[in-house]
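All values reported here derive from a predicted model rather than from experimental measurement.
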Amino acid sequence: MALRAAEEAGAVRALTERLGLPGLVDVHTHFMPKNVLDKVWAYFDAVGPLTGMEWPITYREEEDRRVELLRGFGVRAFTAMLYPHKPGMAAWLNAWAADFAARTPDCLHTATFFPEPGADGHVRDALSGGARIFKAHLQVGGYDPNDPLLDGVWGLLAESGTPVVVHCGSGPAPGAFTGPGPTGRLLARHPRLRLVVAHMGMPEYEDFLGLAERYEGVHLDTTMAFTDFSERLAPFPPGALPRLAALRERILLGSDFPNIPYPYLHQLQALEGLGLGDDWLRAVLHDNAAALFHVKP
């Protein structure tokens, strides 16, 4: 049975209070134009055939209500992860995201891009407009991150030190350019990138841990990893837990809110259940991202 909003918010806040944290910083939440989000939800409604598992949207709410829910959980900063699947979308998605950030001060101004002529201009404009984080989705977009049309994009992001969350793992279904190979080649060309591997690189967890161990700018977000849902689909290898502990400063809380098939609280409980200690939890749930994005106390 789904938790009531007030009950769930209370449980989330009890966890952060126990840890002595002022709240959470979630680097992987989705806000986007309604017509785009409706299509995303339709995809998840039909995703069962891809995974063999139903994927109900737990927080299928209007935009204002979704913001209210995150604030109720004590999320101090969150993102508006959005992404194009074809040319001609990035510029207007970025315009929408800039407006959303302007009217939602606790949202980290998010932007995106696609391999198309002028892509570096779109990124330069977004950076000039105050974008603090970018999203790239190699699976949905179906593109190689090493596409020459993106050379200028990666150069700008590396030079500015702006984090970019990349869905580069092959979950929930592989794409033509998912997996560690294409992303590894990208990092070899742009080793200073602040690249955040979405979903811990699920299911190629150990390969992406290896990239984080090799490149100091690589982070991993926890989105959906370690939850009961994902453990059935793509379990995290227990033998890799010491590597996860050692990378404490490079692991960031991500949730995929609102597009998750379980309560928000469950992601936090799954991380706590790893048994890596309260210092690790404090770093992951708040401190790492707060430092990366200069979220003030």
Side-chain angles (χ1 to χ4, degrees), residues 1-5 7-9 11-12 15 24 26-32 37-61 66 69-70 72-73 75 78-79 81 83 135 137-140 165-175 178-179 196-209 219-241 244 251-276 280-281 284-285:
M1 181 179 295
L3 290 173
R4 292 179 301 171
E7 180 184 355
E8 184 178 18
V12 172
L15 174 59
L24 304 167
D26 190 336
V27 304
H28 197 134
T29 63
H30 292 282
F31 290 89
M32 55 187 70
L37 187 59
D38 286 345
K39 292 179 180 178
V40 171
W41 284 348
Y43 169 81
F44 283 109
D45 288 342
V47 82
L50 288 177
T51 64
M53 301 169 68
E54 295 301 314
W55 196 308
I57 304 296
T58 300
Y59 301 97
R60 198 186 298 257
E61 307 278 356
R66 282 181 273 125
L69 284 166
L70 285 176
F73 296 149
V75 179
F78 53 91
T79 58
M81 295 279 107
Y83 41 87
K135 173 64 185 282
H137 204 310
L138 305 186
Q139 180 195 52
V140 171
V165 175
V166 183
H167 186 127
C168 44
S170 299
T178 60
V196 181
V197 177
H199 304 278
M200 297 291 301
M202 183 188 309
E204 297 104 342
Y205 300 108
E206 294 190 86
D207 292 313
F208 285 103
L209 285 170
H219 296 66
L220 300 101
D221 80 33
T222 66
T223 304
M224 296 193 71
F226 318 110
T227 64
D228 292 345
F229 181 89
S230 294
E231 284 294 289
R232 292 194 298 272
L233 186 66
F236 187 86
L241 284 174
L244 187 65
I251 310 300
L252 307 174
L253 172 64
S255 67
D256 234 355
F257 176 93
N259 305 331
I260 45 178
Y262 45 75
Y264 189 91
L265 175 64
H266 179 54
Q267 176 75 78
L268 309 181
Q269 292 172 327
L271 294 171
E272 186 178 29
L274 294 175
L276 298 181
W280 187 87
L281 268 182
V284 172
L285 298 185

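Counting heavy atoms from C-beta outward, Ile260 and Phe229 have side chains that stay 4.5 Å or more apart. Looking only at side-chain heavy atoms (C-beta outward), Tyr83 and Val40 come within less than 4.5 Å of each other. For the pair Arg66/Leu70, no side-chain contact is recorded, criterion being any heavy-atom separation below 4.5 Å from C-beta on. Using a 4.5 Å heavy-atom cutoff, the side chains of Leu15 and Glu272 are in contact. In this structure, Val140 and His167 have side chains that are not in contact, with every pair of non-hydrogen atoms separated by 4.5 Å or more. Looking only at side-chain heavy atoms (C-beta outward), Pro261 and His266 stay at 4.5 Å or farther from each other. Proximity of Leu220 to Phe208: side-chain heavy atoms (C-beta onward) are separated by under 4.5 Å at one or more points.
The CG atom of Leu209 sits 5.0 Å away from the CZ atom of Phe236 when rounded to the nearest 0.5 Å. Atoms OG1 and CE, on Thr222 and Met200 in that order, are 8.0 Å from each other to the nearest 0.5 Å. Between the NZ atom in Lys39 and the CG atom in Asp45 there is a gap of 15.0 Å [rounded to 0.5 Å]. Taking SG of Cys168 as the reference point, atom NE2 of His199 lies at 9.5 Å (rounded to 0.5 Å). Taken from OG1 in Thr29 to CZ in Phe257, the straight-line distance is 7.5 Å, to the nearest 0.5 Å. Rounding to the nearest 0.5 angstrom, the gap separating the CZ atom in Arg60 from the CG atom in Asn259 is 9.0 Å.
Between Phe31 and Phe78, the angle of the ring planes lies from 30° to 60°, which puts this pair in the tilted group.
Side chain of Gln267 to main chain of Phe226: no donor-acceptor pair is present (N/O by atom type, distance under 3.5 Å, no hydrogens or angles). Side chain of Glu8 to backbone of Leu265: a donor-acceptor contact under 3.5 angstrom is found. Looking only at distances, no side-chain donor or acceptor of Thr178 sits under 3.5 Å from a matching main-chain atom of Gln139. No donor-acceptor distance shorter than 3.5 angstrom exists from the side chain of Ser230 to the backbone of Thr227, with no hydrogens or angles considered. Looking at Tyr205, its side chain does come within 3.5 Å of a backbone N or O of Ala234 through a donor-acceptor pair.
Of all the heavy atoms in His28 and Gly254, the pair that sits closest is CB-CA, 3.7 Å. In terms of heavy-atom proximity, Met202 sits nearest to Thr223 at CE-O, 4.2 Å. When all heavy atoms are compared, the tightest approach of Phe73 to Leu24 is O-CD1, 4.1 Å. In plain terms, the two heavy atoms of Pro258 and Tyr59 that are nearest each other are CB-O, 3.3 Å. Minimum interatomic distance between Trp55 and Pro172 (heavy atoms only, all atoms of both residues): CZ3-CB, 4.2 Å. The minimum heavy-atom distance linking Glu204 with Gly179 is given by the pair OE2-CA, 3.7 Å.
Evaluated for a side chain to side chain contact (heavy atoms under 4.5 Å, CB included) with Val75, the options Leu253, Leu69, Asp26, Val12 yield exactly one hit, Asp26.
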Q: Go through Trp280 and Leu244 one step at a time and tell me if the side chain to side chain contact (heavy atoms under 4.5 Å, CB included) criterion holds.
A: CA-CA 10 Å; Trp280 187 87; Leu244 187 65; 3.8 Å; yes

